[in-house]
Amino acid sequence: MWRNETSELSTSRYFENFTRTQQITPQLALQVLLQFDKAINTALAQRVRNRISFRGSLNTYRFCDNVWTFVLNDVEFREVMDLVKVDKVKIVACDGKST
Amino acid sequence: MEAGSEPLPLDILITNVVCVFRVRCHLDLRHIALKGANVMYKRDEGKVVMKLRRPRVTATIWSSGKIISTGATSEDEAKIGARKCARCLQKLGFQVRFGAFRVVNVLAVCSMPFEIRLPDFTKQQRPLASYEPELHPAVNFKIKPLTASMQIFSTGSITITASNVARAAQAVEHVYPLVLASRKGT
């Protein structure tokens, strides 16, 4: 799932490129991406500490295979002093590990 | 005893209309769960719950094509909600044919302008009314020919469950004189 997220899209593309030009083998690219998955999971769980609250109006919701997908409209993301306003937000949420 | 000679100035509020209908085709619940909007997939129970906003109804969809729709406030609204749900399924690509629409249950609420003495009422309506104050503070009154049942509270509010709206109204008209006889204040 992480690989479709925009910041990681570039990383996946990067490695695909490497494989295509045969600078690294596809297995190696796969291994790197798997390691990235593990690293990002631990990093988000342990190193990220800030808290953002958001409020908007719900357009649609979906719950399948324990995954919630929401589409919100006119959302305000609020961190302590920052405010970001967005017209449309798609949220895909899975069950987190409760520590 | 008024035999329904004059129309009763009572407001009967329909709180819930439950209906069933079929879409006459098998449905792929997984496809509905992944592509549909405002759906929740209950895989262990094998059903998809789709909530519509206007009219406010909740439809429970099975893979056989049978759908139960609840939450409407009138029979017409129930039918519109059912058709809307079928339309959503049609838009998802299924060969839907709307059929076998039937209102199954209607829940209504009615408030009498007086309070009622429940033990008194139960004594007079012995076999039909059952009152167990330790279990539930209302009298359960069943009207067999109308297949309606009601819960009568001492404050005067009555909750009616019947198979359609007309029968719910008839049930209220039937019980009004009986309840009037055991009201507080006479």
Side-chain angles (χ1 to χ4, degrees), chain A residues 1-13 15-16 30 33-34 36-38 40-41 44-45 51-78 83-99, chain B residues 16 18 23 25-73 77 80-96:
Chain A
M1 186 187 72
W2 300 115
R3 304 199 190 153
N4 281 335
E5 196 207 303
T6 40
S7 76
E8 225 249 86
L9 210 52
S10 46
T11 327
S12 305
R13 288 263 168 85
F15 280 97
E16 266 173 55
L30 182 65
L33 287 172
L34 283 175
F36 180 93
D37 282 347
K38 279 188 223 166
I40 198 116
N41 263 310
L44 286 175
R51 180 193 166 136
I52 298 184
S53 54
F54 57 94
R55 159 177 289 183
S57 49
L58 184 67
N59 189 321
T60 57
Y61 64 86
R62 183 178 299 127
F63 183 60
C64 182
D65 295 336
N66 256 3
V67 177
W68 278 103
T69 308
F70 300 110
V71 175
L72 308 180
N73 288 122
D74 301 325
V75 195
E76 282 185 2
F77 285 88
R78 214 176 274 267
L83 183 64
V84 179
K85 284 200 186 158
V86 187
D87 274 344
K88 181 175 162 185
V89 160
K90 184 172 194 173
I91 298 177
V92 181
C94 298
D95 258 354
K97 246 187 264 180
S98 46
T99 42
Chain B
N16 197 6
V18 178
V23 289
C25 74
H26 278 289
L27 300 171
D28 182 10
L29 293 188
R30 200 174 163 73
H31 184 243
I32 301 174
L34 292 173
K35 292 276 155 32
N38 301 322
V39 289
M40 283 177 19
Y41 186 18
K42 294 194 174 179
R43 195 192 245 158
D44 339 322
E45 292 147 52
K47 56 191 185 191
V48 164
V49 176
M50 179 189 283
K51 289 198 193 180
L52 274 76
R53 282 200 169 131
R54 253 186 341 119
R56 202 161 279 275
V57 290
T58 304
T60 307
I61 306 163
W62 274 269
S63 58
S64 62
K66 181 169 172 186
I67 303 180
I68 291 187
S69 146
T70 63
T73 48
E77 228 183 67
I80 294 174
R83 291 197 97 99
K84 265 208 174 146
C85 176
R87 180 83 179 118
C88 286
L89 294 174
Q90 193 178 51
K91 282 194 170 165
L92 286 170
F94 299 102
Q95 297 298 325
V96 155

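Below, chain A is the first sequence line, B the second, and so on; all start at residue 1.
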Contact class of Lys42(B) relative to chain A, heavy atoms under 4.5 angstrom: neither
Looking only at Val67(A), Asp65(A), Thr69(A), most heavy-atom pairs under 4.5 Å shared with chain B are made by Asp65(A)
Is there a ring-ring contact (aromatic ring centres under 6.0 Å, His included) between Phe70(A) and Tyr61(A) once you walk through the steps? CA-CA 4 Å; Phe70(A) 300 110; Tyr61(A) 64 86; 7.4 Å; no
Test your reading of the model: is there a side-chain donor-acceptor pair from Lys90(A) to the backbone of Leu72(A), 3.5 Å cut-off? no
Flag, side chain of Arg62(A) to backbone of Gly36(B), donor-acceptor distance under 3.5 Å: yes
When the aromatic ring centroids of Phe94(B) and His31(B) are compared, is their separation below 6.0 Å? yes
Engaged part of Asn66(A) at the chain B interface, taking heavy atoms whose separation is under 4.5 Å: neither
